[in-house]
Visitor: 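Please see the structure below; I have some questions.
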There are 2 protein chains.
Amino acid sequence: MTDVTLREVARASGCSVATVSRVLAGTRPVGAETARKVREAAEKLGYRPNQVARALRSRSTGTVGLVLPQITNPFFPSLVREVEHALHAEGRAVLLADCDDDPEVEAARIADLLDRQVDALLIIAVDERQSRDAVGKAAAHVPLVLLDRGCGPGIADLVTTDNATGMALVLDHLVSTGRRRICFVGAAGTGSAAVERLAAYEAETKALGLHGFGPVELGDFSLEWGRAAVDRILPFRPDAVVCANDLLAIGALQRLRQLGVDVPGDIAVTGFDDIPMADLADPALTTVRQPVRALAAEAVHLLGHRLAGQNDGPRRLVRLAPELVVRASSASSASSAPRASSAPRASSAPRASSAEDTRSTRTPEVEQ
Amino acid sequence: MTDVTLREVARASGCSVATVSRVLAGTRPVGAETARKVREAAEKLGYRPNQVARALRSRSTGTVGLVLPQITNPFFPSLVREVEHALHAEGRAVLLADCDDDPEVEAARIADLLDRQVDALLIIAVDERQSRDAVGKAAAHVPLVLLDRGCGPGIADLVTTDNATGMALVLDHLVSTGRRRICFVGAAGTGSAAVERLAAYEAETKALGLHGFGPVELGDFSLEWGRAAVDRILPFRPDAVVCANDLLAIGALQRLRQLGVDVPGDIAVTGFDDIPMADLADPALTTVRQPVRALAAEAVHLLGHRLAGQNDGPRRLVRLAPELVVRASSASSASSAPRASSAPRASSAPRASSAEDTRSTRTPEVEQ
DNA sequence: ATGAAAGCGCTAACAG
DNA sequence: CTGTTAGCGCTTTCAT
């Protein structure tokens with residue numbers, strides 16, 4: 001099974017290797033007849049260009065490194081899928097690096113990918129602070145786009161979900177269905193999801209005139225904390241629990257069921273991310289769906305931009321608006337439904353959540 | 001940020017490129033003093049070997065292609081993680097290819113990976129039959145190991161879960177906790193999971209003297225079918241529903257709850273795979289956990305074997321025994337518990353499911 | 001033990 | 001438009 005080389009195709013078609021290369025790579029104009037002969041010979045011999053040789057000479061491997069904290073995080077597989085497809089559509093291949101949620105592993109993986117001459121890096125950073133160094137260094141070598149999670153300001157392009165809009169969609173929805181006694185369960189971490197969702201919750205409740213009602217419970221992004229937080233929140237007799245991600249919300253649902261609390265009758269519960277489990281929870285979880293495909297497309301687009309240009313120009317921050325997915329866990333309770341129109345921004349209509357509309361929330365060229 | 005080359009290290013250390021190469025790759029014995037100088041120079045210049053150039057010359061990229069049907073299938077992320085880690089531990093990188101569950105895409109992705117000169121392929125085949133052609137062709141070029149799903153006999157090494165053992169564990173458990181009126185919900189497909197789990201169910205129920213009781217409902221591996229199958233099974237008044245995977249089982253749980261049937265009081269439900277959702281279902285799902293880490297390790301081991309050797313020798317079929325994970329969905333109902341010891345193989349003790357014991361079910365060198 | 005030289009398979013200059 | 005010639009950065013004979 002020895003591979004056919006350009007040279008053999010050249011010999012078989014009676015012209016030089018350069019010409020064959022030109023025909024097959026489409027780099028330069030070539031005579032019609034010559035081209036035909038070359039293609040014929042290549043076809044007959046079953047010629048397949050050796051991408052490694054091509055990469056060495058052309059200084060481009062057509063390969064992009066995708067670095068992520070842990071593929072088992074339920075939010076990532078769909079993102080990986082979209083990224084993989086978007087890149088493959090451009091003829092690029094994906095080198096995958098799973099960091100086991102460890103910034104040191106992340107740094108090592110990034111270095112390895114650079115040694116392998118990836119054309120660019122797409123990174124979902126492990127940690128807002130601890131990843132910064134490795135990411136910054138890598139960005140000096142190749143085009144680099146951060147996805148989903150930031151890494152401090154100005155270090156590289158960043159494509160992420162607009163957490164503020166997502167939280168606003170949730171709160172508008174809850175208020176418009178009559179909920180007023182709202183609590184928040186989130187994470188105390190320094191990651192963008194933890195920080196931004198909490199900030200958005202506080203800003204939005206203030207704007208809606210609900211501020212200062214219930215407790216804000218901060219732990220980590222785990223099922224266990226979701227369960228535990230319920231016990232701390234329940235004494236305040238809330239009618240809604242807003243969770244900073246789906247895992248927390250599912251934990252909360254479990255604990256509430258255990259305690260015999262009716263969801264959504266007594267308390268509405270909402271999540272964030274729309275991981276696959278959200279739809280399978282019982283009751284199915286109302287949540288904020290991240291615009292996964294658009295995130296991937298935008299990130300790949302930015303990469304392409306930097307690959308085509310000179311990898312300079314200002315860093316961009318692109319925020320894509322998510323979509324509210326209303327499911328059973330926040331269905332209107334019969335008693336509170338009539339009160340719907342009492343809050344100023346209670347109607348969710350002006351903040352439509354269709355794919356078209358939310359896409360327009362994109363802020364394409366904001367310098368950090 | 002222009003990269004440092006071997007040549008520059010040679011000049012800086014006062015010796016030839018060949019020597020530098022030898023020191024850094026550890027290929028041949030080198031004088032201690034020379035080695036020191038070389039390493040020092042390399043260190044000072046921040047030299048990083050260009051893996052593409054190395055690959056071209058040495059005809060080995062240190063890269064393995066991982067081809068899978070759909071990364072969003074909830075069973076795959078943990079497998080990908082383990083494979084990625086196992087390969088990285090050997091200094092190899094993973095080129096990921098998601099096939100969108102389409103055999104044609106799969107064939108294209110495999111061809112692309114071969115063009116990129118992967119040293120080997122690890123494939124979770126999309127389809128038992130339709131993948132066979134592309135897989136067979138690829139196996140002629142590089143070492144190739146099939147993971148999780150077969151592709152017809154004798155085409156390549158295959159590492160997979162022992163479905164028969166898994167099903168036996170489930171049935172022993174159900175019988176030993178007093179269940180007798182057992183039904184099966186599975187898939188009608190031709191994939192190994194569908195076929196083998198059904199066959200194992202039938203063989204085992206026969207062995208246990210339960211054969212012929214309830215219906216065997218075959219659809220596809222979807223939540224919807226899990227729900228629908230419940231309606232078809234319920235008239236038979238079963239006390240247990242064995243499902244061929246977790247998604248089916250979760251669908252069944254949802255429908256049973258909707259109908260007000262008590263699980264596990266009235267009916268026990270079991271799944272297969274132990275996807276992350278299994279633990280979050282309510283009640284938590286009793287299921288069969290695939291030995292994910294061991295599957296990955298074994299697959300990588302076989303790859304290494306073929307990479308080291310000459311990629312000949314008989315095809316191997318390695319089946320690794322899974323582990324029963326008992327959760328709430330099959331807890332003993334108070335009424336049926338006392339009847340436990342009536343069936344011949346009812347005790348689950350002899351078929352222990354600890355990692356040690358099940359691992360020994362491995363059949364390491366079976367020729368297909 | 002070390003160096004010189006020959007490529008791996010391909011693309012990019014540079015001529016014609 | 002096409003051929004000739006270098007050479008990408010490295011490993012590997014083949015000498016010494």
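Quick caveat, the model's predicted, so the values are computed rather than measured.
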Visitor: Backbone N or O of A:R316 within a donor-acceptor pair of the A:D157 side chain at under 3.5 Å?
Guide: yes
Visitor: Expressed in angstrom and rounded to an integer, what is the separation of A:Q51 atom CD from C:dC10 atom C1'?
Guide: 10 Å
Visitor: Among D:dT4, D:dT13, D:dC8, which nucleotide has an atom closest to any side-chain atom of B:R22?
Guide: D:dT13
Visitor: Rounded to the Å, how far apart are B:D115 CG and C:dC10 C1'?
Guide: 14 Å
Visitor: Output the rounded distance in Å from CG (A:N50) to C1' (C:dC8).
Guide: 8 Å
Visitor: Checking all strands, does B:R59 fall into the base, sugar-phosphate, or nothing category for heavy-atom contacts under 4.0 angstrom?
Guide: sugar-phosphate
Visitor: Using 4.0 Å as the upper bound for N to carboxylate O, is an ion pair formed by B:E84 and A:R109?
Guide: yes
Visitor: Using a cut-off of strictly less than 4.0 Å between a heavy atom of the residue and any atom of DNA chain C, enumerate the qualifying residues of residues 29-48 of chain B by number.
Guide: B:P29, B:V30, B:G31, B:T34
Visitor: So, B:S131 versus B:E106: side-chain donor-acceptor pair below 3.5 Å or not?
Guide: yes
Visitor: Kindly indicate whether the side chain of A:V20, heavy atoms from C-beta on, has any atom under 4.5 Å from the side chain of A:C15.
Guide: yes
Visitor: So how far off straight is the helix from C:dA1-D:dT16 to C:dG16-D:dC1, going by the axes through five pairs at either end, to 10°?
Guide: 40°
Visitor: How long is the span from the CG atom in A:D98 to the CZ atom in A:F76, to the nearest 0.5 Å?
Guide: 9.5 Å
Visitor: May I have the distance from B:R28 (atom CZ) to D:dT13 (atom P), rounded to whole angstrom?
Guide: 8 Å
Visitor: Between A:R293 and A:H85, is any side-chain donor less than 3.5 angstrom from a side-chain acceptor?
Guide: no
Visitor: Report yes if the side chains of B:R92 and B:L307 come closer than 4.5 Å at any heavy-atom pair, otherwise no.
Guide: yes
Visitor: Grab the CG-C1' distance between B:L24 and D:dT11 for me, whole Å please.
Guide: 12 Å
Visitor: Categorize B:S21 for me: base, sugar-phosphate, or nothing, with a 4.0 angstrom heavy-atom threshold over every strand shown.
Guide: base
Visitor: Here's a test of your reading of the structure: between B:T27 and B:V52, which maps to the more 5' nucleotide of DNA chain D?
Guide: B:V52
Visitor: Report yes or no: does A:D100 contribute a side-chain atom to a donor-acceptor pair with the main-chain N or O of A:D102 at less than 3.5 Å?
Guide: no
Visitor: Just by modelled atom types, is the A:L320 backbone N or O under 3.5 Å from a matching donor or acceptor in the A:T161 side chain?
Guide: no
Visitor: Heavy atoms within less than 4.0 Å of DNA chain C: which residues of residues 6-20 of chain A have one? Give them sorted by number.
Guide: A:L6, A:A18
Visitor: Ignoring hydrogens and geometry, is there a side-chain-to-backbone donor-acceptor pair from B:D115 to A:Q51 under 3.5 Å?
Guide: no
Visitor: For B:D148 and B:T160, test the side chains for any donor-to-acceptor distance below 3.5 angstrom and give the result as yes or no.
Guide: no
Visitor: Between P on D:dG7 and CG on B:L56, what's the gap in Å once rounded to a whole number?
Guide: 17 Å
